[in-house]
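I have placed the structure first, in the form of structure tokens, so that the comments after it can refer back to it.
Below, chains carry the letters A, B, ... as their sequence lines are ordered, and counting in each starts from 1. Just so you know, these numbers use all the heavy atoms, side chains as well, and skip hydrogens, waters and symmetry mates. Treat the numbers as computed from the prediction; the structure is a model and nothing was measured.
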There are 2 protein chains.
Amino acid sequence: MTADLEITRLRESGGKGFEKVFAFLRERLLAGSLRPGDRLIPERDLAAQLGVSRPILREALRALTVLGVVEIRDRVGTIVRRPDPSVLNDFFTFAFAQQSDVVDDVMQARIAIECQAVRLAAERATVSDFEKLQQALARIVETIDDPDGGSAADFNFHRAIVNAGKSETLIVLHNSLSGILMRSHRGRRELLQAFDSMKTYLIEDHRRIFDAIVGRDPEHAEKVLREHFAIGDNFRRRAAIGESDARNDS
Amino acid sequence: MTADLEITRLRESGGKGFEKVFAFLRERLLAGSLRPGDRLIPERDLAAQLGVSRPILREALRALTVLGVVEIRDRVGTIVRRPDPSVLNDFFTFAFAQQSDVVDDVMQARIAIECQAVRLAAERATVSDFEKLQQALARIVETIDDPDGGSAADFNFHRAIVNAGKSETLIVLHNSLSGILMRSHRGRRELLQAFDSMKTYLIEDHRRIFDAIVGRDPEHAEKVLREHFAIGDNFRRRAAIGESDARNDS
DNA sequence: GTCTGTATCCTGGTATGACCAAGGTAAGAG
DNA sequence: CTCTTACCTTGGTCATACCAGGATACAGAC
């Protein structure tokens, strides 16, 4: 009805059914002729217009669903969504999951994100952000002896930093990367807790980062955060190679 | 009939058919009980074992296909793939495409990635990387008066930096982000070219970055790169707001 | 005239069965 | 033992049918 020309042209275009339908919808979505909030015409009609059967059309719609660009609402219709970045989580998990050796590499990306975010945080953080950071900091102190709670608190603090940076993209990426890292770090946390010096380092470092943000000093904030990661990396290395040197196991 | 326990449990698990099948496969993929190279059992059989019809199963398989985790080979079967990070490109494009106001935000992420990558590059770059960087640099000089070629050369140089960082994750992210930025920056390039001072800045800055990498100085490399981005941002701002004030300035 | 309850229609969700084309493979020919 | 060939398997697609429940319009009550 609206775009018969395009559709007709599509019919002859290459592709094996699913491919052409997917390509068609993809193009429409990227080009913007289908905008968030729009409701697609019913599956039966759309399938007919595209010259494919309903199952095939549904394959394409499902595919778009997992990409987060459309939402199929039961007994309502298919509506175009503003892509929810949270699906990135799933995707990253798939993309990097199996390869355990990639963890260190993913960590590099996390460092990249956080170092940029902490700079932005130093510039953009609101009082509300300060409060959240302080709460997270307090939580780190409270849970310093609890491996599980401690790692959660640590994560929350770092997430608060990124949130304070007020960059949607950085937040999304950080979330996704954190998901991967959490999946595989489970085991190492206890190791880290074995070092006594670790505890003071954890608290001191985070406090310094917090201070730098509050002090509105992007340069210094990044510097401190980088050192924080470097030291953490050292601990990790010590724990991995020879855990004898600084072990405090009672 | 191999994994009846799991499957049976699945049957009762929540979900509306597609959901449960997708969740089932997803879990198998992530847990690693399905590894890259494995071939799934035929659709008909799998559908029967999972207690769904073939179209539904195919919806799930297609969904996994667009995520790049499996590959459906005509008349061969469904094979588990090692996820190809390049699908991230598609995904990012979808995720950030329409919202043009997000471009500046995506830029923050690109800066984050590159600043980390340039540090790694200063540490890890090989002679081969140096050569590629130098070629890219030369290309920038050559194409300094050509808007199209110039932006391509610029992009290539930055990509060479990230590649020299030898971090798969950073490379993937950078590629994806660049894709988004290229999509929407097309128009602005000419504007930038309007500034004469832009040309010298482009060449000088890139050379300084190159020198810092060759000099194996991560700290300085990041600093220079950051300045490079800041200056570029200034130009962009000038071009955007009032392009009269500093036009053809000296 | 307005409100409300109900019957109907429309929509997605799913299942079934069938047909096609071509890759794989094992049986049969040489 | 090698090569050809026919068959079986497998994904790709289609057409049809049925279900359940949201949306809605219409009819009846107030």
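Along DNA chain D, the nucleotide nearest B:Pro55 and the nucleotide nearest B:Asp45 are compared for position; the residue whose nucleotide lies closer to the 5' end is B:Asp45.
For A:Ile79 and D:dG22, the CD1 to P distance is 14 Å, given to the nearest whole Å. The CZ atom of B:Arg62 sits 8 Å away from the C1' atom of D:dG12 (whole-angstrom rounding). In this structure, A:Leu57 atom CG and D:dG12 atom P are separated by 17 Å, rounded to whole Å. Rounded to whole Å, the distance from CD1 on B:Ile72 to P on C:dA21 is 21 Å. Between the CD1 atom of A:Ile56 and the C1' atom of C:dC20 there is a distance of 13 Å, given to the nearest Å. When rounded to the nearest whole Å, the span between NZ of A:Lys20 and P of D:dG12 equals 15 Å. The separation between A:Asp74 atom CG and C:dG12 atom C1' is 5 Å, rounded to whole Å. Going from atom CD of A:Glu71 over to atom P of C:dG12 covers 13 Å, rounded to whole Å.
Not counting sequence neighbours, A:Gln135 has no partner by the side chain to side chain contact (heavy atoms under 4.5 Å, CB included) test.
Side-chain atoms of B:Asp45 never come within 3.5 Å of backbone atoms of B:Pro42 as a donor-acceptor pair (strictly under, hydrogens ignored).
Screening B:Ile56, B:Val52, B:Leu50 for a side-chain contact (heavy atoms from CB on, under 4.5 Å) with B:Lys20, the sole residue that qualifies is B:Val52.
Side-chain contact between B:Arg73 and B:Ile79: present, with at least one pair of heavy atoms (C-beta onward) separated by less than 4.5 Å.
Side-chain atoms of A:Arg58 lie closest to C:dG12 of the nucleotides D:dG12, C:dA15, C:dG12.
Contacts between residues 37-44 of chain B and DNA chain D, counted as heavy-atom distances below 4.0 Å, involve B:Pro42, B:Glu43, B:Arg44.
Between A:Glu59 and A:Arg62, no side-chain nitrogen of the basic residue sits less than 4.0 Å from a carboxylate oxygen of the acidic one, so the salt-bridge criterion is not met.
Residue pairs that meet the salt bridge (Lys or Arg N to Asp or Glu O under 4.0 Å) test with at least one member in residues 111-122 of chain A, sequence neighbours left out, are A:Arg110-A:Glu114, A:Arg119-A:Glu219, A:Arg119-A:Glu222.
The base of C:dG13 is not paired with the side chain of A:Arg73 by any donor and acceptor separated by under 3.5 Å.
Counted by atom type alone, A:Thr126 and A:Asp129 present one or more donor-acceptor pairs between their side chains at under 3.5 Å.
In this structure, A:Arg54 does not reach the D:dA15 phosphate: none of its side-chain N or O atoms is under 4.0 Å from OP1 or OP2.
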